[in-house]
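Everything on this sheet refers to the single structure shown next.
The first residue in the sequence is number 1, and the count goes up from there.
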Amino acid sequence: MSAPLPIMTRLAIFVRDDGACVYCGAAYQAGAKLTVDHVVSRKRGGRDDVTNLVTACRACNEDKAHFSLRAYLVELADRGAEEGHLDAIAARVEAARKTPVVWSAAKAALALYREHGRLPFGEVDDG
């Protein structure tokens, strides 16, 4: 099993993705339990690089599992998801992967954690 992602990496991804799941849009502010998902799973050779990491709620991360993004979108289509919804997911994932990480914002989130004893984006799971 791979080592968990460093907390700074997790926070940087959550901050970059505005504290919301790129798959369903569930937000921390609405109570979503956020995780970090590997777009290309570790099982399939995906790395821990920030361009391969996105914010996902626990439910979406578990649902996507080790599947590729393309296979996951096909699975969602088979379940009846509309094409527009699938296009929106693909666009959010692509946008997140292209958006630079702002490490100073992650450091500020970590400082908030140290001051208040909790993470500003909720529970952090291994993704």
### Task
Report the residues that fulfil side chain to side chain contact (heavy atoms under 4.5 Å, CB included) with Lys43, sequence neighbours left out, ordered by chain and then residue number.
Ser41, His66
### Task
Just grab all the salt bridge (Lys or Arg N to Asp or Glu O under 4.0 Å) pairs involving residues 96-113, residues at least two apart or on different chains.
Glu94-Lys98
### Message
Thr51: which residues meet the side chain to side chain donor-acceptor pair (under 3.5 Å) condition with it, sequence neighbours left out?
### Response
Asp49
### Task
Spell out, yes or no, whether Leu53 and Val40 are grouped together once hydrophobic residues are joined by side-chain heavy atoms under 4.5 Å, including indirect joins.
no
### Summary
Distance col, row Leu86:CG vs Leu69:CG, nearest 0.5 angstrom, shows 10.0 Å
### Query
Do Asp63 and Tyr23 come within less than 4.5 Å of each other through their side chains, counting heavy atoms only?
no
### Message
If the condition is side chain to side chain contact (heavy atoms under 4.5 Å, CB included), which residues does Arg92 pass it with, not counting sequence neighbours?
### Response
Val22, Ala88, Ile89
#### Entry: Closest non-hydrogen atom pair, Ser68 against Ala71
OG-N, 3.0 Å
## Note on the structure
Tested for side-chain contact (heavy atoms from CB on, under 4.5 Å) against Asp37, the lone hit among Val93, Thr55, Val54 is Val54
### Query
Roughly how far, to the nearest 0.5 Å, is the CD1 atom of Ile13 from the CG atom of Leu5?
8.5 Å
### Query
Would you say the side chain of Arg10 lies within less than 4.5 Å of the side chain of Pro4, judging by non-hydrogen atoms?
yes
### Task
Write down the atom of Lys64, the atom of Val39, and the distance for their closest heavy-atom approach.
NZ-O, 3.0 Å
### Query
What pairs meet the salt bridge (Lys or Arg N to Asp or Glu O under 4.0 Å) rule with one or both residues in residues 67-78, with sequence neighbours excluded?
Glu75-Arg79
### Message
Taking Ala95's backbone N and O only, do any of them form a donor-acceptor pair with Thr99's side chain (distance below 3.5 Å, no angle check)?
### Response
yes
### Message
Rounded at 0.5 Å granularity, tell me how far SG in Cys57 sits from NZ in Lys33.
### Response
12.0 Å
### Query
Under the side-chain contact (heavy atoms from CB on, under 4.5 Å) criterion, do Leu110 and Met8 qualify, and how do the steps go?
CA-CA 7 Å; Leu110 183 59; Met8 284 301 294; 3.4 Å; yes
### Query
Mind checking whether Trp103 and Val50 have side chains closer than 4.5 Å, heavy atoms only?
yes
### Message
Is it the case that the side chain of Arg58 and the backbone of Thr35 share a donor-acceptor pair, with hydrogens and angles ignored and the cut-off at 3.5 Å?
### Response
no
### Message
Would you compute the distance between atom NE2 of His38 and atom CG of Asn61 and round it to the nearest 0.5 angstrom?
### Response
9.5 Å
#### Entry: Shortest non-hydrogen contact from Val15 toward Ala109
CG2-CB, 4.3 Å
#### Entry: side chain to side chain contact (heavy atoms under 4.5 Å, CB included) partners for Ala108, two or more places apart
none
### Task
Identify, with sequence neighbours excluded, every residue that meets side chain to side chain contact (heavy atoms under 4.5 Å, CB included) alongside Ala90.
Leu73
### Query
Closest approach of Gly19 and Leu34, non-hydrogen atoms and distance?
O-CD1, 3.5 Å
### Task
Give every residue pair that meets the side-chain hydrogen bond (donor to acceptor under 3.5 Å, both in side chains) criterion with at least one member in residues 80-91, sequence neighbours excluded.
none
### Message
For a quick test of reading the model, state the closest non-hydrogen atom pair linking Ala20 to Gly25 and the distance between them.
### Response
CB-O, 4.0 Å
